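Just below is one structure, and these are the notes that go with it.
Model, not experiment: these values are computed from the prediction.
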Amino acid sequence: MAFPEKDNRLCPIPLSNHNLEEIKLAADILAQEGLQLSAVQNHYSLLYRSLEEAGIIEYCNANDLIFFSYMVLEQGALTGKYNTKHPFKAGTRRGDAFDEKVLAELEDLIEVMREISLRHHVEPAEIAIAWAIAKGTVPIIGVTKPSHIASAVSAMDVQLSDAEIEELERSAKSTGVEIRGAWEKSMI
């Protein structure tokens, strides 16, 4: 079955939640039809970097694919607004994923984010977004208030140093927290 003839510039074809093997397979199948993969969208945050280890971002960069990162703020857990004294509502998806134990494990990371945010005159949420941008991704932010838009715009102006990126990643890794949605398969 052949695809209808299309101008590839007018027919962007993205993928979501696929591992590197699947992305390469899709790109090959599309190329056989004269089409081109345009973008990949996967979960990517300071707390979920397995796709980086799997080489997905490197592959996207090498093949001029836009990488859209979602859950950059981990449902709000990386905004600095939630902690053991101000947890998510129990019995909710966020409350189940980020219970008081997990929030306690995130305290040092959030403190590092706060320190870096003070140097850049922004909030911790902007640091998580700026980190994703610095890693070469286009973050997808869940916006429910006008202030969230202003926050995302502010993050675009934050230029994290290599040392700050390393500090954030080291701190995130030391939490031992890796959150993956029930719908997400392993990227490695």
Side-chain angles (χ1 to χ4, degrees), residues 1-4 6 8-79 82 88-89 91-99 102-103 105-106 109 113 125-144 148-149 151-152 155-156 165 168-169 172-173 175-188:
M1 174 172 160
F3 288 99
K6 297 265 184 193
N8 290 348
R9 293 169 295 164
L10 302 176
C11 188
I13 300 174
L15 292 177
S16 183
N17 295 320
H18 287 34
N19 64 32
L20 185 57
E21 181 181 321
E22 294 167 332
I23 293 167
K24 288 178 177 180
L25 177 61
D28 288 344
I29 291 169
L30 290 168
Q32 290 171 24
E33 297 297 330
L35 298 169
Q36 188 174 8
L37 183 62
S38 63
V40 173
Q41 171 187 297
N42 280 10
H43 178 182
Y44 183 60
S45 75
L46 281 162
L47 299 178
Y48 188 71
R49 296 179 39 220
S50 68
L51 58 95
E52 185 179 284
E53 297 164 20
I56 293 173
I57 292 178
E58 183 180 336
Y59 177 84
C60 288
N61 290 336
N63 291 280
D64 294 322
L65 300 174
I66 299 169
F67 185 90
F68 291 101
S69 51
Y70 69 82
M71 287 184 56
V72 170
L73 297 175
E74 290 295 353
Q75 304 178 67
L78 296 181
T79 64
Y82 300 94
F88 291 105
K89 184 177 178 182
T92 65
R93 187 174 82 186
R94 292 191 312 169
D96 292 344
F98 295 97
D99 60 21
V102 173
L103 290 173
E105 292 168 342
L106 296 180
L109 170 61
M113 292 172 68
E126 280 101 58
I127 297 303
I129 297 167
W131 171 84
I133 293 168
K135 298 299 279 190
T137 77
V138 178
I140 299 172
I141 309 301
V143 176
T144 58
H148 296 163
I149 296 169
S151 174
M156 291 174 22
I165 291 169
L168 287 165
E169 291 176 355
K173 187 172 186 158
T175 68
V177 174
E178 181 179 280
I179 301 295
R180 186 169 88 192
W183 68 91
E184 296 175 306
K185 59 186 163 237
S186 175
M187 291 294 129
I188 299 177

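- Taking OG1 of T175 as the start and CG of L103 as the end, the distance is 11.5 Å to the nearest 0.5 Å.
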For this session: Please test E58 against N61 for side chain to side chain contact (heavy atoms under 4.5 Å, CB included), starting from the C-alpha separation and ending with a verdict.
Result: CA-CA 5 Å; E58 183 180 336; N61 290 336; 5.8 Å; no
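- Atom CD of E169 is separated from atom CG of L109 by 11.0 Å, given to the nearest 0.5 angstrom.
- Put simply, the side chain of S38 gets close to the backbone of I13: a donor and an acceptor are under 3.5 Å apart.
- Remark: side-chain polar atoms of S16 are paired, donor with acceptor, to backbone N or O of Q41 under 3.5 angstrom.
- Formation of a donor-acceptor pair under 3.5 Å by the N19 side chain with backbone atoms of E21 is found in this model.
- In this structure, S151 and I129 approach most closely via the heavy-atom pair OG-CD1, 4.4 Å.
- In terms of modelled atom types and a separation under 3.5 Å, the side chain of T137 and the main chain of A132 share a donor-acceptor contact.
- Contact record, I179 with A97: CD1-O, 3.8 Å, taken as the closest heavy-atom pair.
- What you find for L73 and A125 is that their closest heavy atoms are CD2-O, 3.5 Å.
- Across F67 and C60, no two heavy atoms sit closer than the pair CD1-SG, 4.0 Å.
- For the side chain to side chain contact (heavy atoms under 4.5 Å, CB included) test with Y59, the passing option among L65, V40, L51 is L65; the others fail.
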Problem set entry | side chain to side chain donor-acceptor pair (under 3.5 Å) between N42 and Y48, intermediate numbers included | CA-CA 10 Å; N42 280 10; Y48 188 71; over 6 Å; no
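- One finds the NZ atom of K173 at 13.0 Å from the CG atom of L47 (value rounded to the nearest 0.5 Å).
- Considering all non-hydrogen atoms of both residues, V72 and P139 come closest at CG2-CB, 3.9 Å.
- No donor-acceptor pair under 3.5 Å is formed between the side chain of R94 and the backbone N or O of F88.
- Contact detail for G142 and H148: the closest heavy-atom pair is O-ND1, 3.9 Å.
- In this structure, I127 CD1 and L168 CG are separated by 7.0 Å, a value rounded to the nearest 0.5 Å.
- To the nearest 0.5 Å, the span separating CD1 on I23 from CG on N17 amounts to 10.0 Å.
- Remark: side-chain polar atoms of E33 are not paired, donor with acceptor, to backbone N or O of L30 under 3.5 angstrom.
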Problem set entry | Intermediate values then yes/no, side chain to side chain contact (heavy atoms under 4.5 Å, CB included), Y44 and I56 | CA-CA 11 Å; Y44 183 60; I56 293 173; over 6 Å; no
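- With rounding to the nearest 0.5 angstrom, the NE2 atom of H43 is 3.5 Å from the CD atom of E74.
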For this session: Dump the intermediate steps for side chain to side chain contact (heavy atoms under 4.5 Å, CB included) on M113 and W131, then the final yes or no.
Result: CA-CA 10 Å; M113 292 172 68; W131 171 84; over 6 Å; no
